[in-house]
Amino acid sequence: MSPLAPAKLRRKRDLTPLFLLIPAGVVLLAFTGWPLVQLFVTSFLEFGRAQIFGAPPTFVGLQNYIDVLTDPAFWRVLGRSVAFCLVNVLLTMLLGIAIGVLMTKLGKGFKLLVSVGLLLAWAMPPVTASIVWGWMFDTDRGVVNYLLTQLTGVDYAGHSWLIDPLSFFFVATIIVTWQAIPFVAFTVFAGLTQVPPEVLEAAEIDGATGWQRFRLIVLPYLRGVLVILLVLQIIWDMRVFSQIYALQTVGGIASETSTIGVYIFQVSIGAGDLGAGGAISVILVILMLALSGYYIRSLLKQEES
């Protein structure tokens, strides 16, 4: 055998993963890359109702971005979206991790019961979940008002949960967190099964408390998983649309409760300004890419050190 043969074989093996990724890469470019290109191009055009009905679009450069960034309404919606995102991400991560740890302590029967409950919440379409929860918080016939009246003795009949922005986002947080917890819980549970039990047993013999074992042993093993979960939750909660829009149709005030996903819809479809809507979408994509890149780069540095 030629001395160069092993080197050629290694090179072929090194290229094998790249060839295997080609089909997925082509699909990703077709269904994600091309729409992003179109979105980016549209953000530099005057693309309103006239263009929707056939008029040629006009190139306006950065004017759409200038209009968006100088609009106080955009900054109010962005600030509201960031606050809503942070609350939901915090609750989802804490509760999801807690349930994931709990599942490792349950017997087979209770573990199956919890898993089925999580799957049912996860599988329910967001619009359906929002409508059902909206009925539960209904002003006149909602079960929440009835139970609060029975339990506290205070008359909650006729109390509106969606008319006030603060209570509106309280209901929205329940819906978003309720549907996001299963993904975090299942992922954390899967990660916990990879923690070597002998390491935990050795730490317990050495006198480490449960919290110390979790903080010093389990968390380092789960760091990569938790970073990915955190990035995904931030992306999903920043662009949440269905839950907010559905609650607004039930009884919320759109001007005071819109998040960035709903605001893009209102500007693009409601107001008919696809150019401005494209600019807002590009700004959101840039923010998400910057945030995701920061967390992933930090994770890679920690793994290399």
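Residue numbers count from 1 along this sequence. Because only heavy atoms are used, hydrogens play no part in the values below, and waters and symmetry mates are left out as well, while side chains stay in.
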Give, for atom CD1 of I283 and atom OG of S43, the distance between the pair rounded to the nearest 0.5 Å. 9.0 Å
Measuring from atom CZ of F44 to atom OG1 of T58, what distance do you get when rounded to the nearest 0.5 angstrom? 15.5 Å
Rounded to the nearest 0.5 Å, how far apart are CD of Q248 and OG1 of T257? 4.0 Å
Check whether any side-chain heavy atom of D237 lies under 4.5 Å from a side-chain heavy atom of F84, and answer yes or no. no
Side chain proximity check, W135 to R141, heavy atoms < 4.5 angstrom: no
Under a 4.5 Å cut-off applied to non-hydrogen side-chain atoms, are T187 and F183 in contact? yes
Pairing donors with acceptors under 3.5 angstrom, does anything connect the side chains of W236 and N88? no
Nearest 0.5 Å please: distance from the CG atom of L226 over to the CD1 atom of I97. 5.0 Å
Can you confirm whether I174 sits close enough to F137 that some side-chain heavy atom of one is under 4.5 Å from a side-chain heavy atom of the other? yes
Step by step, work out the side-chain contact (heavy atoms from CB on, under 4.5 Å) result for W75 and L69. CA-CA 8 Å; W75 292 106; L69 294 175; 3.9 Å; yes
Within-4.5 Å side-chain heavy-atom neighbours: V262 and V77: no
Is any side-chain heavy atom of V82 closer than 4.5 Å to a side-chain heavy atom of I260? no
Strictly distance-based, threshold 3.5 Å: is any side-chain N or O of N64 a donor or acceptor partner for the main-chain N or O of L45? yes
Which label fits F265 and Y245: parallel for a plane angle under 30°, tilted from 30 to 60°, or perpendicular past 60°? perpendicular
T259 vs F169 side-chain heavy atoms within contact, under 4.5 Å: yes
Above 12 or not: heavy atoms from other molecules or residues under 6.0 Å from CZ of F31? no
Tell me if a side-chain donor or acceptor on S160 pairs with a main-chain N or O of T139 at a distance below 3.5 Å. no
Hydrophobic clusters here meaning ILVMFWY residues chained together by side-chain heavy-atom distances under 4.5 Å, can you tell me if F110 and F186 are in one? yes
So CG of L166 and CD of E256: to nearest 0.5 Å the spacing works out to 11.5 Å
Can you confirm whether F40 sits close enough to V285 that some side-chain heavy atom of one is under 4.5 Å from a side-chain heavy atom of the other? no
Going by the ring-ring contact (aromatic ring centres under 6.0 Å, His included) test, name the single residue among W161, W178, F170 that passes it with W133. W178
Would a single hydrophobic cluster contain both V171 and L147, if residues Ile, Leu, Val, Met, Phe, Trp and Tyr are joined by side-chain heavy-atom contacts under 4.5 Å? yes
In Å and rounded to the nearest 0.5 Å, what is the CD1 to CZ distance from I253 to F168? 9.5 Å
For the pair S258 (side chain) and S255 (backbone), establish whether a donor and an acceptor sit closer than 3.5 Å, ignoring hydrogens and angles. no
Joint cluster assignment, L90 & I175, ILVMFWY side-chain distance < 4.5 Å: no
Determine, step by step, whether M103 and L118 satisfy the side-chain contact (heavy atoms from CB on, under 4.5 Å) criterion, reporting the C-alpha distance in whole Å, the side-chain angles of both residues, the deciding distance to 0.1 Å, and the verdict. CA-CA 11 Å; M103 290 175 67; L118 291 173; 4.0 Å; yes
